[in-house]
Q: 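I have a structure here, written as structure tokens, and I will follow up with some questions on it.
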There are 2 protein chains.
Amino acid sequence: MTPRSHASRSITTHDVAAHAGVSQATVSLVLGGNPRARVAQATRERVVRAARDLGYRPNIVARSLVRGRSYTIGVVVPELSNPFFLDVVSGIQKVAVEAGYAVLLCDARDTSPGRHLEALRGRQVDGIVIDALGAESLPADALDGLEVVLVDEPSERWPGVASDAPGAGRLAAEHLLGLGHRRIAFVGPATDVHTFRMRERGFVARLREDGISLPSDWLRRAQPSIAAGQAAMRALLAMKDGRPTAVFCANDLLALGALKACLAAGVRVPAEMSLVGCDDIELARVVTPELTTVAVPARELGARAARILLRRLEKPSEPHKPQKPLPVRLAVRGTTARPQPETER
Amino acid sequence: MTPRSHASRSITTHDVAAHAGVSQATVSLVLGGNPRARVAQATRERVVRAARDLGYRPNIVARSLVRGRSYTIGVVVPELSNPFFLDVVSGIQKVAVEAGYAVLLCDARDTSPGRHLEALRGRQVDGIVIDALGAESLPADALDGLEVVLVDEPSERWPGVASDAPGAGRLAAEHLLGLGHRRIAFVGPATDVHTFRMRERGFVARLREDGISLPSDWLRRAQPSIAAGQAAMRALLAMKDGRPTAVFCANDLLALGALKACLAAGVRVPAEMSLVGCDDIELARVVTPELTTVAVPARELGARAARILLRRLEKPSEPHKPQKPLPVRLAVRGTTARPQPETER
DNA sequence: TTCACTCGCCAATACGTATTAGCAACTCCG
DNA sequence: CGGAGTTGCTAATACGTATTGGCGAGTGAA
């Protein structure tokens with residue numbers, strides 16, 4: 001009899017209207033947002049009471065259709081399995097949910113960003129946050145008519161937020177130099193992600209200021225994963241003519257892999273090898289020794305991105321003023337120490 | 001002039017209809033799903049071509065409104081920061097996205113499950129997957145009219161999928177007994193989660209079969225987190241009258257905490273202390289030594305839950321036949337070994 | 001040619017809400 | 001008491017798609 005056999009039809013504004021003895025339009029005026037609508041106080045109360053009595057819940061789908069807004073945003077990240085991105089998402093989600101927006105989460109590792117965007121557009125998302133994914137390289141019209149905010153990926157076309165990536169590299173370099181290291185290697189991701197490039201640039205620049213250059217052998221490229229970090233470290237450890245005393249990894253996953261490789265090879269950390277990561281994911285404090293790393297405010301990054309996006313959705317006209325990069329901070333833990341005095345003969 | 005200043009209006013079925021010289025209804029018949037609608041092949045092709053030329057993309061919001069289905073499902077998990085749940089979600093997402101459904105993800109740690117459900121209902125989700133969250137304890141009507149599938153939480157009312165939790169406990173016990181351990185402790189979560197209770201039950205039962213009972217001091221309760229596992233292990237290590245030679249932790253996070261506590265206290269793992277976790281999250285292979293654990297097929301769990309849900313959405317009438325629990329598997333790694341010969345005097 | 005039937009398309013309507021134009025009643029002021 | 005202005009509500013319509021009943025044209029049989 002009912003359209004959906006297993007579900008009692010939902011309460012609509014019409015039901016509330018009938019119950020309160022007013023028209024559907026009035027119900028919509030009272031409940032539908034705009035609080036400064038001209039409705040008598042008494043009527044307002046009758047409607048609110050009726051809605052409560054019946055357990056009315058607005059149908060966001062219908063509302064979306066008429067307003068042309070879905071109150072939903074999309075988030076695209078490179079891979080959720082990296083806890084860093086999960087933190088970013090968590091920051092986004094918190095802000096969005098508080099503002100009444102829902103979040104559709106897309107992992108670029110499952111499905112290509114292009115297809116994710118197709119799906120998101122079909123669902124009429126109002127805007128998108130794209131994290132470290134090279135929005136420029138998407139099909140030109142894939143983002144037309146959408147508000148977009150980028151995280152850790154600069155662009156002329158869209159606003160964004162970023163952490164101080166060169167600063168992160170500098171901090172790591174400074175720390176290792178301060179401990180007395182001169183033989184320093186770098187493990188950076190092979191993929192061309194802006195943040196990683198900048199971390200590298202800051203790191204190398206700071207080394208150079210102290211007259212230290214990175215032999216090309218000591219600049220390893222790897223996928224940003226634990227396994228790849230492990231492999232890169234193994235390669236470094238196997239070097240014939242002396243190994244570095246310290247390694248900076250462009251993110252924590254790489255550093256964790258490096259740490260694992262050291263421990264597996266019987267290389268003591270930090271006595272024989274100092275390691276610095278970047279991001280400060282929760283994992284950094286799970287391993288033993290705890291990972292020295294450059295802390296990046298992931299949640300805050302996400303929260304800010306969401307706030308920018310929501311603000312632009314409310315006032316599309318307002319021009320965007322570029323934000324300062326979020327500061328990073330060195331977290332000194334157990335994987336760094338002074339280099340051992342030269343014992344090689 | 002246009003309704004939304006920054007966005008060119010989307011292409012609708014009306015536009016396609018005009019372009020193809022047919023009515024909107026015909027366009028809808030061709031593009032709107034039902035492939036066995038009576039439309040001449042030539043017309044069909046004209047419409048498809050027009051749609052392609054114009055870049056038509058169906059407005060899922062409008063479709064949802066008329067069909068009373070949103071092609072969106074909700075997923076509620078206890079906490080995304082536990083990678084196990086992330087894997088479950090990833091399994092759900094994969095199946096759902098392939099079937100054209102979107103997933104709204106809710107972390108019960110941000111916001112209470114009740115409020116999440118409110119938000120999900122407002123968005124007219126068609127169904128929900130609830131993971132290990134005691135759906136029974138929700139407000140009675142919170143799930144009315146929704147299809148629900150539970151993960152790792154049995155219920156008379158809704159279908160579900162689960163892993164073989166007692167089996168996991170038994171496997172862990174068997175492994176430790178096989179190595180010769182007799183002084184065995186257990187760290188289980190304090191929260192009343194069915195899966196955890198069952199893991200404990202299977203574990204204790206198997207020990208009892210070998211005539212071993214768990215002194216109440218050696219049955220520690222903790223929040224299912226790394227920090228809590230660490231604290232629980234510290235407590236075990238501080239025991240006056242002899243400590244256990246092996247500990248089974250009800251999930252990997254606890255085990256990782258326990259491992260950390262051992263290493264921090266200078267207790268060698270596995271020489272002086274064997275540790276077994278449960279879940280087999282990726283992290284288990286990051287720490288050194290790698291964690292011996294009972295592998296639970298998280299992604300598969302999620303995928304099955306999603307398949308059940310989608311199937312019920314397609315044919316609501318079909319009765320659900322209970323599934324067998326998914327088998328678990330012991331992954332022997334580096335944190336377990338034979339106990340040291342008694343060296344205490 | 002006529003009747004019965006099928007095929008292919010379309011007009012009309014529904015979904016639940018937001019929004020606007022406008023009507024009726026009332027207030028205020030001269 | 002008449003006109004202008006305000007207040008409080010409603011009727012009507014729109015959003016973009018799905019769906020159905022029905023209509024004209026075509027086909028085949030008699």
Side-chain angles (χ1 to χ4, degrees), chain A residues 2-4 7-18 20-47 50-51 54-71 100 121-124 126 145, chain B residues 2-4 7-47 50-51 54-71 100 121-124 126:
Chain A
T2 46
R4 284 181 292 163
S8 51
R9 199 178 57 64
S10 301
I11 310 297
T12 74
T13 43
H14 291 94
D15 303 324
V16 177
V22 297
S23 74
Q24 179 271 331
T26 303
V27 174
S28 184
L29 285 179
V30 173
L31 303 176
N34 202 335
R36 53 184 184 66
R38 290 190 324 190
V39 179
Q41 191 57 30
T43 312
R44 194 177 284 275
E45 278 163 14
R46 272 218 320 290
V47 170
L54 294 178
Y56 168 75
R57 201 189 332 267
N59 182 331
I60 311 252
V61 170
R63 175 178 294 176
S64 301
L65 182 58
V66 47
R67 292 216 229 199
R69 298 265 312 271
S70 64
Y71 303 94
R121 298 194 70 125
R123 290 201 156 64
Q124 312 300 114
D126 301 328
Chain B
T2 46
R4 284 180 292 164
S8 51
R9 201 178 54 65
S10 303
I11 310 295
T12 73
T13 43
H14 291 94
D15 303 323
V16 177
H19 198 260
V22 298
S23 74
Q24 178 272 332
T26 304
V27 174
S28 184
L29 285 178
V30 173
L31 304 175
N34 201 336
R36 50 183 186 65
R38 290 190 325 189
V39 178
Q41 192 57 30
T43 311
R44 192 178 286 273
E45 279 163 13
R46 272 220 318 292
V47 170
L54 294 177
Y56 169 76
R57 200 190 332 265
N59 181 330
I60 311 252
V61 170
R63 176 178 294 175
S64 300
L65 182 59
V66 46
R67 293 219 241 216
R69 299 262 314 269
S70 64
Y71 303 94
R121 299 194 71 123
R123 290 205 157 60
Q124 313 299 114
D126 300 329

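Below, chains carry the letters A, B, ... as their sequence lines are ordered, and counting in each starts from 1. This structure is a prediction, so every number in the text was calculated from the model and none was measured.
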Q: Respond yes when some side-chain nitrogen or oxygen of B:Y71 is under 4.0 Å from OP1 or OP2 of D:dT17, and no when none is.
A: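 No, because none of the side-chain N or O atoms of B:Y71 sits under 4.0 Å from OP1 or OP2 of D:dT17.
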
Q: Check every atom of C:dG16, D:dA12, D:dT17 against the side chain of A:L65 and return the nucleotide holding the closest atom.
A: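 Nucleotide nearest to A:L65's side chain: C:dG16.
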
Q: Polar pairs (N or O, both sides) under 3.5 Å between protein and nucleotides 5-8 of chain C?
A:
unit_1 : atom_1 : unit_2 : atom_2 : d
C:dG8  : N7     : B:R38  : NH2    : 2.8
C:dG8  : O6     : B:R38  : NH2    : 3.1

Q: Applying side chain to side chain contact (heavy atoms under 4.5 Å, CB included) between B:R44 and each of B:V30, B:V22, B:T26, B:L29, report the one that passes.
A: B:V30

Q: Would you indicate, yes or no, if C:dT17 has its OP1 or OP2 atom less than 4.0 angstrom from a side-chain nitrogen or oxygen of A:T13?
A: yes

Q: Closer than 4.0 Å, any side-chain N/O of B:R67 to the OP1 or OP2 of D:dT19?
A: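 Answer is yes, contact under 4.0 Å.
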
Q: Mapping B:H14 and A:T26 to their closest nucleotides on DNA chain D, which lands nearer the 5' end?
A: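 Upstream on the strand: A:T26.
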
Q: Considering the options A:D15, A:V47, A:I11, which one meets the side chain to side chain contact (heavy atoms under 4.5 Å, CB included) requirement together with A:Y56?
A: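 The side chain to side chain contact (heavy atoms under 4.5 Å, CB included) with A:Y56 is passed solely by A:I11 among A:D15, A:V47, A:I11.
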
Q: Between atom CZ in A:R63 and atom C1' in D:dA14, what is the gap in whole Å?
A: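 One finds 16 Å between C1' of D:dA14 and CZ of A:R63, rounded.
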
Q: Can you give me the closest heavy-atom contact between A:A51 and A:L31, atom names plus distance?
A: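 What the structure gives for the nearest pair is CB-CD1, 3.9 Å.
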
Q: Could you check how far CD of B:Q124 sits from P of C:dG16, rounded to whole Å?
A: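 Atom-to-atom, B:Q124 to C:dG16, this comes out as 9 Å.
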
Q: To the nearest Å, give me how far apart CD (A:Q24) and P (D:dA14) are.
A: 15 Å

Q: Which distance, rounded to the nearest 0.5 Å, do you find between the CZ of B:R123 and the OG of B:S70?
A: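 These two atoms lie 10.5 Å from each other.
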
Q: What is the distance, to the nearest angstrom, from the CG atom on B:D15 to the P atom on D:dG16?
A: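 In whole Å, D:dG16 P and B:D15 CG are 9 Å from each other.
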
Q: Determine: side-chain N/O of A:T12 to OP1/OP2 of C:dG16, distance under 4.0 Å, yes or no.
A: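 Answer no for this pair, as no side-chain N or O of A:T12 is under 4.0 Å from OP1 or OP2.
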
Q: What's the CG-P distance between A:D126 and D:dC15, to the nearest Å?
A: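 Checked: the CG to P distance equals 18 Å.
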
Q: Could you pull out the closest heavy-atom pair between B:A50 and B:A20, with the gap in Å?
A: CB-CB, 3.8 Å

Q: Look only at the side chain of B:R63 and the backbone of B:R69, and say whether a donor-acceptor pair between them is shorter than 3.5 Å.
A: no

Q: Which of these nucleotides, D:dA18, D:dA11, C:dT17, is closest to any side-chain atom of B:S28?
A: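 Looking only at heavy atoms from C-beta outward on B:S28, the closest nucleotide is D:dA18.
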
Q: Can you measure B:I11 atom CD1 to D:dT17 atom P for me and round it to whole angstrom units?
A: 10 Å

Q: Whole angstroms only, please: what is the CG-C1' distance between B:L29 and D:dT17?
A: 11 Å

Q: B:R46 CZ to C:dC10 C1': how many Å, rounded?
A: 14 Å

Q: Rounded at 0.5 Å granularity, tell me how far CD in A:Q124 sits from CG in B:N59.
A: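 So the gap between those two atoms works out to 3.5 Å.
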
Q: So which one's nearest nucleotide on DNA chain C is more toward 5', B:V22 or A:I60?
A: B:V22

